[in-house]
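Down below is the structure, laid out as structure tokens.
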Amino acid sequence: MKFSSFASGLLALGASFASAAEMVKRASLQQVTNFGSNPSGVKMYIYVPNKLATKPAIIVAIHYCSGTASAFYQGTQFAQLADTHGYIVIYPESPYSGTCWDVSSPASLTHNGGGNSNSIANMVTYTIKQYGADASKVFVTGTSSGAMMTNVMAATYPEMFAAASVYAGVPAGCFYTGTVNGWNSTCSGGKSIHTQQEWANTVFNMYPGYAGKRPRILIHHGSADTTLYPQNFNETLKQWAGVFGYTYGQPRQTISNQPASGWTKYVYGPNLVGDYGAGITHNIPVFAQDDLEWFGITGNNASPSTAAPTTTLATSTKKTSTAPATTSSASNGECTSQHWGQCGGNGWTGCTVCASPYTCQKSNDWYSQCL
Ligand SMILES: *[C@@H]1O[C@H](CO)[C@@H](O)[C@H](O)[C@H]1NC(C)=O
Ligand SMILES: *[C@@H]1O[C@H](CO)[C@@H](O)[C@H](O)[C@H]1NC(C)=O
């Protein structure tokens, strides 16, 4: 009797710990430290809206070099839109100085290999369990180094993600150096050129034997990107065309001025779309609304969207123009945001001046845009 009430006391204590873990403060960015195995020391932050959908979707949103979970949370609209649509956002944060992602070591480029990709996948598994999220609605997106990691997540955990949206990245495996958190300048310079079959094999080799479904891929890149050269757009398209059995260079549809003026949308089929921005630099806008459609959280992901760009990451993405070892030169202050780019808003620390002839126009308290 005594023993059993002691035991049930312990159980109750256990249960209260479990629910304490569930109770992150809603509608704000919160760190989660107990998400399970974290072989590469990645930090986990989460945004859970006040009004959570039943069986919510999950978006993993991955920052650029020099970025943080908090900067990506503030600099993109994914959390704000979660308030409307009831999904959860996971913001992983790089453990390395310079905060690039490890997209270069065999560990991170392998399913359950113990690298950054493994830690991020464990955050997803934890979140599905903790919030009763819909395992068939898990998505991943990222900018620059985060876009490289997005391709790596899609390649190493194809069973986990339903769709991905990539902003100025490189193909999965292109940044290989054999070292943790390396910088591959052959790849960044757009000089790693392979056939679509070779690139597809790189993906297949990251999870040998896997024969299931793979995430749909939406790739964005700017033609004036001098950090991760635009050839990386072509190579990434080749990679996923190879995976899905499309023919690179033969999109089914080419649509001008989508998702925004000056961009071209290349529709290969339901699993692969490329958005190429003429004159867009590495300071690329994030089309969060468009991503929600691509993910199928809103609208109909089969039809190309006309959503206006919503967010850009200015100064901080520019800092990625130097390799982690040499990040010292980027000076703050005098910088310009491109057309559609963000130029102001609460918490905004990026450029506040717009490239001519655009002017900075307030959309709301959190967001002003170069229009
Ligand atoms: C960079 O990546 C390419 C593949 O994209 C590879 O052939 C090359 O060896 C890598 N460079 C280094 C320094 O590891
Ligand atoms: C890469 O893709 C862009 C957009 O479709 C195209 O304009 C460019 O010619 C391609 N580059 C090569 C080398 O094929």
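Order of appearance sets the numbers: ligands from 1, and atoms from 1 within every ligand. Quantities reported herein were computed from a predicted structural model and do not represent experimental measurements.
- The backbone N or O of Trp199 lies less than 3.5 Å from a partner atom in the side chain of Gln239, making a donor-acceptor pair.
- Sulfur atoms SG of Cys354 and Cys360 are positioned 2.5 Å or more apart.
- Looking at ligand 2, you won't find any N or O of Tyr276 less than 3.5 Å from one of its N or O atoms.
- Put simply, atom 7 (O) of ligand 1 has no protein non-hydrogen atoms near it, under 4.0 Å away.
- Partners of Asp275 according to the salt bridge (Lys or Arg N to Asp or Glu O under 4.0 Å) rule, which considers only residues two or more places apart in sequence or in another chain, are Lys265.
- Taking 4.0 Å as the cut-off, Cys174 counts as a neighbour of ligand 1 on heavy-atom distance.
- Note on ring orientation: taking the six-membered ring where Trp is involved, the planes of Phe287 and His220 are parallel (angle under 30°, cut-offs 30° and 60°).
- Between the CD atom in Gln231 and the NZ atom in Lys238 there is a gap of 6.0 Å [rounded to 0.5 Å].
- Remark: ligand 1 and Gly173 share no N or O pair separated by less than 3.5 Å (distance only, no angle test).
- Here the shortest heavy-atom distance to atom 1 (C) of ligand 1, taken over Asn184, Ile193, Thr177, belongs to Asn184.
- Counting the atoms of ligand 2 from 1 in the order shown, those under 4.0 Å from a heavy atom of Tyr266 are 4 (C), 5 (O).
- For atom 14 (O) of ligand 2, the nearest protein heavy atom lies under 4.0 Å away.
- If you check each of Ser185, Ser192, Pro171 against atom 4 (C) of ligand 1, the one with the closest non-hydrogen atom is Ser192.
- Annotation for ligand 2: atoms under 4.0 Å from non-hydrogen atoms of Gln231 are 13 (C).
- Below 30°, between 30° and 60°, or above 60°: for Tyr207 and His111 the angle between ring planes is below 30°, a parallel geometry.
- Ring geometry for Tyr87 versus His85: interplanar angle under 30°, hence parallel rather than tilted (30 to 60°).
- In terms of protein heavy atoms, atom 9 (O) of ligand 2 is closest to Asn234 ND2, 4.7 Å.
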